[in-house]
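Take a look at the structure set out below.
Order of the sequence lines sets the chain letters (A, B, ...), proteins ahead of strands, with each chain counted from 1.
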There are 2 protein chains.
Amino acid sequence: MAEPLPISDDDGLCEEGRDLIRGVLERIGDKWSVIVICQLGDTTRRFNELRRMSAPITQRMLSATLRGLERDGLVTRTVHDTKPPRVDYALTPRGTSLLEVVRALAGWAERNATGILDSRTAFDAAG
Amino acid sequence: MAEPLPISDDDGLCEEGRDLIRGVLERIGDKWSVIVICQLGDTTRRFNELRRMSAPITQRMLSATLRGLERDGLVTRTVHDTKPPRVDYALTPRGTSLLEVVRALAGWAERNATGILDSRTAFDAAG
DNA sequence: CAGAATCCTAGCAGATACTG
DNA sequence: CAGTATCTGCTAGGATTCTG
């Protein structure tokens, strides 16, 4: 026996989850998605309203970000045929559920912010 | 009254949290950090062991990723002065706590994976 | 084995200008 | 107001080579 030992395989807790996690992170890991999701929070917002709230985001990036979120069913886009035009964005239930998870992330960040900062300065000092 | 209304400010739930969240995402939002954290899971791993488990990561990126994680106090690096050299990496308590949050993220991803996929095809079909 | 050093490229994202 | 179109720089990250 003692076969070639193909590739050490892990505990299995993350093996299948790898693609899944990478998927979420590719969704919310970009520069603006979570910010926009946060600003949408619990109310409907208009395009330029979001733009101001998410400053300094550019029009181009807000547009692209919103389209991505809409594509994944995280936000809805409703066009009111008025003059001037008005477009409302809001979180879907799925988007809201994501916001919950993001808040958990923020909680962790809050609890560990200073610790991380300290570790960094220590690490850099050790040079 | 009715002042210039500087910039619409949000519900406050995310306002202060924005930098915090961006901070975490810049840490785990890169291509390899969470994968490495997952592989470290509950046991100590050696460099090339991690390399195989995290394939197809390159040496350069594994090295850089580990250094970043060590800098933030998420993993420890212990060098055994043997021949050939042996270096062990393991999660710190802080790293483990982050893994918990990441697992929550994975849970959300798991629950919403098919839904998102469906939304995407629907969105693309609507063209 | 565990890296460091170097080179190189795709694509993310900013700035700017234009449109219905 | 709510976007699109273009042009461009920057950098994350891959491939490869070298070392203690």
Side-chain angles (χ1 to χ4, degrees), chain A residues 5 7-8 18 22-36 39-40 44-72 75-90 123-124 126-127, chain B residues 5 7-8 18 22-37 39-40 44-72 75-90 123 126-127:
Chain A
L5 228 300
I7 284 182
S8 167
R18 256 180 67 168
R22 280 302 320 149
V24 204
L25 287 175
E26 268 160 28
R27 172 88 300 258
I28 67 170
D30 69 313
K31 197 168 179 180
W32 302 107
S33 288
V34 285
I35 294 182
V36 171
Q39 307 295 9
L40 280 174
T44 284
R45 301 286 186 185
R46 301 177 56 179
F47 187 86
N48 278 317
E49 195 176 3
L50 278 173
R51 181 156 149 62
R52 280 188 297 273
M53 294 173 63
S54 309
I57 196 175
T58 62
Q59 272 187 339
R60 191 176 105 81
M61 288 316 295
L62 178 57
S63 179
T65 300
L66 285 169
R67 205 178 313 118
L69 294 173
E70 189 197 357
R71 187 170 110 101
D72 285 2
V75 311
T76 57
R77 181 188 124 110
T78 48
V79 183
H80 299 94
D81 209 7
T82 60
K83 187 178 65 168
R86 173 201 182 97
V87 181
D88 284 339
Y89 292 92
F123 184 90
D124 294 347
Chain B
L5 228 301
I7 284 184
S8 166
R18 255 181 67 166
R22 281 302 320 149
V24 205
L25 287 176
E26 269 160 28
R27 171 92 300 269
I28 66 171
D30 68 316
K31 197 168 179 182
W32 302 108
S33 288
V34 283
I35 294 182
V36 171
I37 288 177
Q39 307 296 9
L40 280 174
T44 285
R45 300 287 186 186
R46 301 176 56 179
F47 187 84
N48 278 317
E49 194 177 3
L50 278 173
R51 180 155 149 64
R52 280 188 298 271
M53 294 172 65
S54 309
I57 195 175
T58 61
Q59 274 187 341
R60 190 175 104 82
M61 289 317 295
L62 179 56
S63 180
T65 300
L66 285 169
R67 205 178 313 117
L69 294 174
E70 190 197 355
R71 187 170 109 102
D72 285 3
V75 311
T76 57
R77 181 189 125 110
T78 47
V79 183
H80 299 93
D81 209 6
T82 60
K83 186 178 66 167
R86 172 200 183 98
V87 180
D88 284 340
Y89 291 93
F123 184 89

*Between atom CG in B:L25 and atom P in D:dA12, what is the gap in whole Å?*
16 Å
*Earlier contact from the 5' end, DNA chain D, for B:T58 and A:R86*: A:R86
*From C:dC1, D:dC1, D:dT6, pick the nucleotide closest to the side chain of B:N48?*
C:dC1
*asked:* Ignoring hydrogens and geometry beyond distance, is the side chain of B:R60 in donor-acceptor contact with the base of D:dG14 at under 3.5 Å?
replied: yes
*Between D:dT4, D:dC1, C:dG3, which nucleotide has the shortest distance from any of its atoms to the side chain of A:P85?*
D:dC1
*Looking only at side-chain N and O atoms, does B:K31 come under 4.0 Å of OP1 or OP2 in D:dG14?*
yes
*asked:* Tell me whether the side-chain N or O atoms of A:R51 pair up with the base of D:dA2 as donor and acceptor below 3.5 Å, since no angle test is needed here.
replied: no
*Where the side chain of B:Q59 is concerned, which of C:dA4, D:dG14, C:dA15 is the nearest nucleotide?*
C:dA4
*Does B:S63 place a side-chain N or O at less than 4.0 Å from the phosphate oxygens OP1/OP2 of C:dA2?*
no
*In terms of side-chain heavy atoms of A:M61, which of D:dG14, C:dG14, C:dA2 is nearest?*
C:dG14
*asked:* Would you say A:Y89 places a side-chain N or O within less than 4.0 Å of OP1 or OP2 belonging to D:dC1?
replied: no
*asked:* Can you identify which nucleotide, out of C:dG3, C:dC1, C:dA13, has its nearest atom closest to the B:P84 side chain?
replied: C:dC1
*If you check the B:F47 side chain, which of D:dC1, C:dA13, C:dA2 turns out closest?*
C:dA2
*Give the nucleotide from the list C:dA4, C:dC1, D:dA2 with an atom nearest to the side chain of A:R46.*
D:dA2
